[in-house]
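Proteins get letters first, then strands, A, B, ... in listed order; numbering begins at 1 in each. Just the heavy atoms: all of them, side chains too, but no hydrogens, waters or symmetry mates, feed the values below.
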Amino acid sequence: MDATYDPATIEAEAQKYWHDNRSFEVDEKPGADKFYCLTMFPYPSGKLHMGHVRVLTISDVIARFHRMQGRHVLQPMGWDAFGMPAENAAIKHDLAPSDWTYANIDQMRAQMDRLGFAYDWSRELTTCRPEYYRWEQWLFTKLFEKGLVYRQNSVVNWDPVDQTVLANEQVIDGRGWRSGALVERREIPQWFMRITAYADELLDELDRMDGWPTSVRTMQRNWIGRSEGIEISFDVVDHDEPLTVYTTRPDTLYGATYLAVAAEHPLAVEAAADRPELAAFLQECQQTASSEAVLETMAKKGMPLGIDVVHPLTGERVPLWVANFVLMAYGTGAVMAVPAHDQRDWEFARQYDLPIRQVIEPADGSAVDIDAAAWTSKEGRCINSDRFDGLAFQEAFDAIADQLEADGRGRRTINYRLRDWGVSRQRYWGTPIPIIYCDHCGAVPVPEEDLPVVLPEGLKVTGAGSPLVTHEAFVSVPCPTCGRPARRETDTFDTFVESSWYFARYASPDADRMVDEREAYWMPVDQYIGGVEHAILHLLYARFFQKLMRDVGLSTVDEPFARLLTQGMVLKDGAKMSKNKGNTVDPQELVDRYGADTVRLFMIFAAPPEQSLEWSDDGVAGSSRFLKRLWNAVHTHVSSDTPVAGALSDSGKDVRRKTHETIAKVGDDYGRRMTFNTAVAAVMELTNAIGRFDPATKDDHDARQEALEAAVLMLTPVVPHIAHGLWHDLGHAEPVIDAPWPVVDETALERDEMEIVLQVNGKLRGRLRVPTDASRDAIIDAAQADENVQRFVQDQAVRKTIYVPGKLVNLVV
RNA sequence: GCCCGGGUGGCGGAAUUGGUAGACGCUGCGGACUUAAAAUCCGCUUCGAGCAAUCGAGUGCGGGUUCGAGUCCCGCCCCGGGCACCA
């Protein structure tokens with residue numbers, strides 16, 4: 001064994017061993033305890049950044065730990081290869097998105113291998129390949145047959161100068177990021193997947209998904225947003241069709257003093273026909289980005305339409321307004337406003353001097369000042385509500401609902417905040433939507449035998465619309481039904497479609513179906529790891545797709561991810577590392593300088609996986625120093641002479657106790673708690689103890705061998721290369737990746753003495769060493785006899801004595 | 001605006017079920033080795049008072065529950081993530 005730690009050499013040796021032995025390629029081994037460990041696959045954006053290194057390292061630690069626990073571990077890797085950045089890079093550098101993407105993939109794959117991740121590369125997936133995306137085209141056509149997809153108008157951000165649809169990210173302060181033009185809302189026909197058909201199942205299963213963080217489950221629950229309410233019809237004066245609104249607060253119906261519709265609503269458009277100032281306002285409402293964050297934070301504006309509606313219970317006339325915060329796409333495009341009991345309605349009413357009528361008062365009789373703010377609590381009872389006065393929330397809800405239903409003016413409904421998933425993108429670098437439009441047959445799905453619809457690679461991207469639209473060889477096709485000339489859909493799928501089923505495809509990456517019977521062996525994913533920024537969209541869509549695959553008969557699994565770990569960001573100087581901020585650190589330079597193990601160790605040690613991680617150059621150097629100390633400790637041991645036979649010394653006993661205490665803690669930290677940082681800290685403590693220990697006898701020497709072996713084994717998931725070498729140096733022929741996890745020797749944990757903390761009135765006043773078998777009374781007596789304790793007790797009477805066994809005594813005086 | 005997190009020394013963090021606040025690492029300071037420096041090793045390192053024993057204060061802010069609160073409850077402040085076309 002070399003006296004000095006040379007990462008470059010030992011990492012190359014370990015990686016060569018894994019590569020030559022195909023150490024991480026797995027197949028379906030019957031009866032094995034399978035463990036499917038999966039990282040959210042990366043978008044191939046260029047080189048690996050620190051965020052990648054962190055999530056990939058966390059996943060690799062989990063995968064390698066479970067392998068050492070004897071499980072049959074699958075850890076695949078692939079590429080979420082379609083998306084907007086490739087188009088932007090293509091415009092900037094005048095090249096094809098495909099060339100840029102494949103070059104990035106090659107670069108990132110090589111970097112991953114240099115970091116020593118235990119991937120089964122035989123299952124590698126790339127979503128921009130027709131052999132991958134053909135199956136989601138196939139599924140789309142099946143869903144078309146089942147009525148789970150449909151085409152409908154919906155709103156996009158329109159750049160009137162570039163004549164193109166913008167992503168929310170491309171709208172900056174209401175303007176297009178390239179043209180600088182004011183963005184408009186525009187409605188265009190788009191394809192939707194009916195995720196709302198699965199809303200109840202997606203919601204109900206959250207209660208049972210105890211392998212997921214509660215925060216993510218809560219976010220999804222709120223996102224789906226199931227509510228029980230009433231659809232109420234208001235007759236519109238001089239119109240035949242009533243106006244329908246949904247409310248969860250029918251108990252406040254008597255306080256409805258106005259209604260508001262969206263700018264695109266037919267009633268608003270009709271009213272604007274002969275009123276230029278109203279038409280101008282509707283035009284202004286269009287001049288805004290479509291994201292909810294923008295709509296909810298912009299100044300609320302409105303105008304009266306000069307149309308009245310009729311209150312369904314009182315028969316009073318109530319004015320109808322148009323407001324910029326009401327969206328046509330959500331619900332019915334109309335809302336009922338109760339300013340006294342809804343804060344947004346209250347502010348709007350104040351702004352436009354609309355009446356505020358209190359119809360609920362606190363049940364406890366306390367006063368509320370409706371002039372100061374809306375009173376939104378449900379802990380009240382009705383007032384000013386005719387025969388419903390005095391009723392509590394639920395009573396009033398039921399009574400008013402019954403009345404409206406009896407009058408034919410209302411209907412109890414369950415409503416969801418969740419909206420169907422719009423999957424159409426007016427972009428080139430994506431999966432073609434497999435639809436052909438025929439003047440005679442309408443929208444026709446591409447027949448199975450004509451799939452895949454292959455995206456022509458190598459088209460020139462300009463930034464003004466998708467090049468597919470003008471690519472006649474792609475667009476012009478005969479109708480599959482009637483054979484007459486027809487045109488292909490030129491929109492592509494949202495890239496979330498590709499990432500909604502890749503986890504299943506890894507199980508059978510070469511199947512001539514979407515997935516084959518191997519899916520049943522590997523699914524569900526046992527541990528999924530990725531950024532918390534995916535807590536809602538990606539994870540909800542993936543859950544939805546799993547159910548779609550189940551319901552077309554491809555799977556029997558309900559939920560795709562049994563356990564979920566959401567890792568935090570990598571920060572530097574308190575901000576997320578990003579090219580924009582110019583605070584990035586290139587992982588490659590660190591790997592070149594310190595080796596992969598040091599980078600991996602720092603990533604794991606600096607913070608628990610779920611928290612953000614603050615970058616520190618000095619911390620990386622510290623991780624490297626620790627590996628040198630570990631190397632030196634093993635070198636010192638294997639190059640020392642074995643002392644003569646003799647029993648274990650007291651310090652040898654201490655080392656054995658520390659070894660087995662550490663084994664117990666580290667196993668719990670890796671397995672149950674997933675706090676890998678504290679696992680590493682515990683092994684550092686053990687290594688420090690080994691360094692201070694000078695074996696006097698053969699048994700002492702054996703204890704040091706045992707301690708070093710345990711330390712190496714426990715660090716193997718984090719720093720597999722140095723562990724590979726050291727395990728060999730400690731005298732083992734078999735590779736450390738297949739060595740079993742160390743087992744706790746309970747007898748080594750036994751102690752003769754324990755420390756008891758002494759408190760007076762809850763304040764620390766002393767410590768006490770007592771035999772482990774000391775009785776409660778003996779300990780309390782000794783506590784009261786303690787000199788410092790007596791200083792604080794003096795002649796005061798002890799009112800209460802609290803004894804926490806093995807921990808503390810608290811005297812209350 | 002709404003939903004979900006987070007806030008502990010000079011810094012990253014630890015404290016697992018309400019029971020010793022600051023493990024482990026970094027930085028800094030002091031020392032050893034060296035002609036010297038680097039590397040390495042040893043010691044100290046929450047703040048204040050004290051020669052010391054020890055005492056007081058302290059986990060974003062203000063209250064509360066408890067023998068005892070970083071941990072539980074109520075009300076705030078600040079920072080981060082998401083908000084349906086970034087992935």
Of the candidate nucleotides [options], which contains the atom at the shortest distance from the side chain of [X]?
X	options	result
A:Leu808	B:A15, B:G19, B:C86	B:G19
A:Met219	B:C4, B:G1, B:C55	B:C4
A:Met84	B:C4, B:A87, B:G81	B:A87
A:Thr297	B:G1, B:G12, B:C86	B:G1
A:Thr678	B:U27, B:U20, B:A14	B:A14
A:Glu169	B:G81, B:C86, B:U54	B:C86
A:Leu764	B:C55, B:U20, B:C24	B:U20
A:Ile802	B:U16, B:A23, B:C67	B:C67
A:Gln611	B:G81, B:G13, B:A87	B:G13
A:Asn788	B:U54, B:A87, B:U20	B:U54

Classify the ring geometry between [X] and [Y] as parallel (under 30°), tilted (30 to 60°) or perpendicular (over 60°).
X	Y	answer
A:Trp501	A:Tyr132	parallel
A:Trp100	A:Tyr43	tilted
A:His52	A:His49	parallel
A:Phe82	A:Tyr133	tilted

Below 4.0 angstrom, N of the basic side chain to O of the carboxylate: do A:Asp654 and A:Lys658 qualify?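 Salt bridge between A:Asp654 and A:Lys658, a charged N being under 4.0 Å from a carboxylate O: no.
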NA contact type, [X], heavy-atom cut-off 4.0 Å: base, sugar-phosphate, or nothing?
X	answer
A:His534	base
A:Gln759	base
A:Ala606	sugar-phosphate
A:Val680	nothing
A:Val216	nothing
A:Ser612	sugar-phosphate
A:Pro608	sugar-phosphate
A:Glu533	base
A:Glu347	nothing
A:Leu811	nothing
A:Phe605	base
A:Glu614	sugar-phosphate
A:Gln170	nothing
A:Trp223	base

Report yes if a donor N or O on one partner sits less than 3.5 Å from an acceptor N or O on the other, where the partners are the side chain of [X] and the base of [N]; otherwise report no.
X	N	answer
A:Lys763	B:U20	no
A:Arg625	B:U40	no
A:Arg672	B:U16	yes
A:Asn222	B:C3	no

Span that lies between the [atom1] atom of [M] and that of [N], in whole angstrom:
N	M	atom1	result
B:G9	B:U27	C1'	12 Å
B:U16	B:G6	P	15 Å
B:A37	B:A32	C1'	15 Å
B:G5	B:C73	P	12 Å
B:G81	B:G28	C1'	35 Å
B:G63	B:G31	C1'	50 Å

Could you tell me the separation between the [atom1] atom of [X] and the [atom2] atom of [N], rounded to a whole number of Å?
X	N	atom1	atom2	answer
A:Asp617	B:G12	CG	P	15 Å
A:Ile536	B:C86	CD1	C1'	16 Å
A:Ile604	B:C24	CD1	C1'	15 Å
A:Arg417	B:C4	CZ	C1'	12 Å
A:Leu539	B:G81	CG	C1'	14 Å

Identify whether the glycosidic angle of B:G9 places it syn (within 90° of 0) or anti. syn
Now, which nucleotide makes the Watson-Crick or G-U wobble pair with [N], with each of the two distances under 3.5 Å?
N	answer
B:G22	none
B:U35	none
B:G1	B:C83
B:C44	B:G28

Under 4.0 angstrom between [X] side-chain N/O and [N] OP1 or OP2:
X	N	value
A:Lys800	B:C67	yes
A:Arg673	B:A15	yes
A:Arg765	B:C55	yes
A:Asn677	B:G25	no

Let me know, please, whether A:Val812 or A:Ile188 comes out on the 5' side of the other along RNA chain B by nearest nucleotide.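 Looking at RNA chain B, the more 5' nearest nucleotide goes with A:Val812.
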Find which nucleotide of RNA chain B each of A:Ser215 and A:Phe792 is nearest to by heavy atoms, and output the residue with the more 5' nucleotide.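 First, find each residue's nearest nucleotide; the 5'-ward one identifies A:Ser215.
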Could you verify whether a donor N or O on one side chain and an acceptor N or O on the other, from A:Ser179 and A:Asp159, lie under 3.5 Å apart?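 Result is yes, a qualifying pair exists.
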Assess, by modelled atom type and distance only, whether the side chains of A:Glu610 and A:Thr566 contain a donor and an acceptor separated by less than 3.5 Å.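 Short answer, yes.
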Looking only at the aromatic ring of each residue, does the gap between the centers of A:Phe41 and A:Trp79 stay below 6.0 angstrom?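 Ring centroids of A:Trp79 and A:Phe41 are no less than 6.0 Å from each other.
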Can you tell me how far the CH2 atom of A:Trp429 sits from the CD atom of A:Glu87, to the nearest 0.5 Å?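 So the CH2 of A:Trp429 and the CD of A:Glu87 are separated by 9.0 Å.
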Please evaluate residues A:Tyr5 and A:Asn632 with respect to the criterion side-chain hydrogen bond (donor to acceptor under 3.5 Å, both in side chains), reporting the C-alpha separation (whole Å), side-chain torsions for both, the decisive distance (0.1 Å), and the verdict. CA-CA 8 Å; A:Tyr5 167 48; A:Asn632 291 340; over 6 Å; no
